[in-house]
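Read through the structure below, which is laid out as structure tokens, and then see the notes.
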Amino acid sequence: MSTPAAPAADRPEVDLEGLPFQTDRGIGSRAALGLLVLETDQTIEDEFRAVWPDDGVALYAARLHNDVQITPETLLEMRGLIAPTTRLLPNMVDLSVVAFACTSGSLVIGESHVAELVRSVRPNARVTDPVTAAIAALRASGVGRVALLTPYLREINLRLRTALVERGLRIPVMGSFNESDDDVVARITPQSLLDAIVRIGSEPSCDGVFVSCTSLRVARIAERAEALIGKPVTSSNHALAWHMLRLAGIDDRIEGFGRLYRSGLA
């Protein structure tokens with residue numbers, strides 16, 4: 001049975017089908033990267049947008065469930081969600097790098113295990129996380145004695161310090177906001193962060209600052225903080241975006257976000 005023709009009044013004056021078109025390499029003409037973002041994270045996309053190159057580098061994100069309370073137990077619970085969340089990234093896109101965006105979770109689960117879980121879905125991708133990225137960033141910046149700033153409770157702070165020391169860093173200075181609620185952490189003001197960075201980064205026993213946690217807004221104040229203390233400053237998001245770009249072969253010199261974004265991999 002044929003479909004009755006639409007009344008003349010409902011027909012467009014011009015109705016063209018099969019119009020000619022061309023294709024290009026899409027928005028990821030230089031590189032396509034994947035990011036596993038925590039459900040509670042309110043910060044990382046904004047920070048990545050700030051530092052990201054203008055053209056040709058595509059970023060695809062998928063959200064991973066996590067508890068708003070940051071404890072070793074809740075962090076470990078994310079382990080079983082890494083591979084399923086990686087599958088949510090567009091499978092028709094060849095991702096050269098995939099990052100798991102949780103600093104403390106990477107330490108509790110283990111960076112190598114995180115990479116193994118991601119590669120079970122994306123075997124050809126290079127994998128990074130904020131811990132791996134921070135170590136690469138600090139080496140690229142020539143920082144060996146680190147002032148470590150976190151929002152975490154003491155148990156996680158001690159684990160983080162121990163893990164970073166085991167990875168070859170010296171941490172003579174630490175500071176923490178001692179806040180376990182990720183929703184509160186996301187609303188710590190940039191001025192509060194700047195004040196804390198200057199306070200701990202001015203200690204003569206350190207030669208740079210690492211701010212741990214993807215919920216903290218550091219990318220836009222990193223250059224100002226460096227000018228105030230005369231030392232390199234980086235953070236989980238700041239280092240992670242840089243490391244993803246460099247692993248993908250994107251060596252753009254990006255101004256306004258600190259000396260790291262004018263540096264390549266060490």
Side-chain angles (χ1 to χ4, degrees), residues 23-41 43-49 51-67 74-137 139-140 163 167 212-215 219 234-252 254 260 264-266:
T23 62
D24 59 20
R25 296 178 62 189
I27 63 172
S29 58
R30 299 171 64 199
L33 293 77
L35 185 64
L36 308 182
V37 182
L38 301 190
E39 180 183 337
T40 60
D41 196 310
T43 304
I44 193 167
E45 288 101 338
D46 177 70
E47 299 230 289
F48 270 49
R49 281 192 295 268
V51 302
W52 214 244
D54 291 334
D55 298 307
V57 186
L59 180 65
Y60 300 95
R63 288 272 171 168
L64 181 151
H65 174 71
N66 70 298
D67 196 293
T74 60
L75 292 168
L76 193 59
E77 288 173 1
M78 291 187 288
R79 179 175 52 187
L81 300 176
I82 293 174
T85 306
T86 305
R87 292 190 188 96
L88 297 177
L89 296 168
N91 60 14
M92 72 290 294
V93 177
D94 183 16
L95 301 174
S96 56
V97 179
V98 175
F100 171 60
C102 182
T103 316
S104 50
S106 298
L107 287 171
V108 172
I109 297 167
E111 304 99 285
S112 61
H113 191 43
V114 167
E116 178 185 339
L117 291 167
V118 171
R119 289 198 187 103
S120 70
V121 179
R122 292 281 183 161
N124 298 321
R126 302 185 77 171
V127 182
T128 187
D129 60 79
V131 177
T132 303
I135 292 171
R139 286 174 179 163
R167 287 154 179 77
S212 178
C213 186
T214 61
S215 287
T234 192
S235 71
S236 294
N237 292 339
H238 185 260
L240 186 61
W242 168 84
H243 199 223
M244 292 175 72
L245 293 169
R246 297 303 186 250
L247 288 177
I250 306 300
D251 294 321
D252 299 21
I254 302 171
L260 181 62
L265 291 170

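These numbers come from the heavy atoms of this one structure, side chains and all, not from hydrogens, waters or symmetry mates.
The two atoms that bring Leu89 and Gly34 nearest to each other are CD1-CA, 4.2 Å, heavy atoms only. Of all the heavy atoms in Ile109 and Leu75, the pair that sits closest is CD1-O, 3.8 Å. The two residues Ser106 and Val131 make their nearest non-hydrogen contact at CB-CG2, 4.1 Å. Nearest heavy atoms, Ala83 versus Val121: O-CG2, 3.5 Å. When every heavy atom of Leu240 is checked against every heavy atom of Ala133, the shortest pair comes out as CA-CB, 3.7 Å. Listed here is the closest heavy atom pair of Val127 and Ala115: CG1-CA, 3.7 Å.
Among residues at least two apart or in separate chains, there is no salt bridge (charged side-chain N to carboxylate O under 4.0 Å, His left out) pair with a member in residues 96-108. Among residues at least two apart or in separate chains, side chain to side chain donor-acceptor pair (under 3.5 Å) pairs with a member in residues 110-123 are Glu111-Arg167. Listed by first and then second residue, the side chain to side chain donor-acceptor pair (under 3.5 Å) pairs that reach into residues 58-67 are Glu39-His65, Thr40-Asn66, Glu45-Arg63, sequence neighbours excluded. Among residues at least two apart or in separate chains, side chain to side chain donor-acceptor pair (under 3.5 Å) pairs with a member in residues 74-98 are Thr71-Thr74.
For the side chain to side chain donor-acceptor pair (under 3.5 Å) test, residues two or more places apart in sequence or in another chain that qualify with Ser215 are Asp182. Here Leu265 pairs with Trp242, His243, Arg246, Leu247 under the side-chain contact (heavy atoms from CB on, under 4.5 Å) rule; sequence neighbours left out. Take Arg30 and apply the side-chain contact (heavy atoms from CB on, under 4.5 Å) test, not counting sequence neighbours, and it matches Pro53, Val57, Ile250, Asp252. With sequence neighbours left out, the side chain to side chain donor-acceptor pair (under 3.5 Å) criterion links Ser235 to no other residue.
Here CG of Leu245 is found 9.5 Å from CG of Asp251. Values are rounded to the nearest 0.5 Å. Here Leu35 contributes atom CG and Ile44 contributes atom CD1; the two are 4.5 Å apart, rounded to the nearest 0.5 Å. Within the model, atoms CG of Leu64 and CG of Leu36 stand 6.5 Å from one another, a figure rounded to the nearest 0.5 Å. To the nearest 0.5 Å, atom CG of residue Leu59 and atom CH2 of residue Trp52 are 4.5 Å apart. Atom CG in Asp129 sits 11.5 Å away from atom OG1 in Thr214 (nearest 0.5 Å).
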Give the table of side-chain donor-acceptor pairs shorter than 3.5 Å for residues 97-105, with sequence neighbours excluded, one pair per line with atom names and distance.
residue: Thr103; atom: OG1; partner: Ser236; partner atom: OG; Å: 2.6

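Between Val114 and Ile82 there is a side-chain heavy-atom pair separated by less than 4.5 Å.
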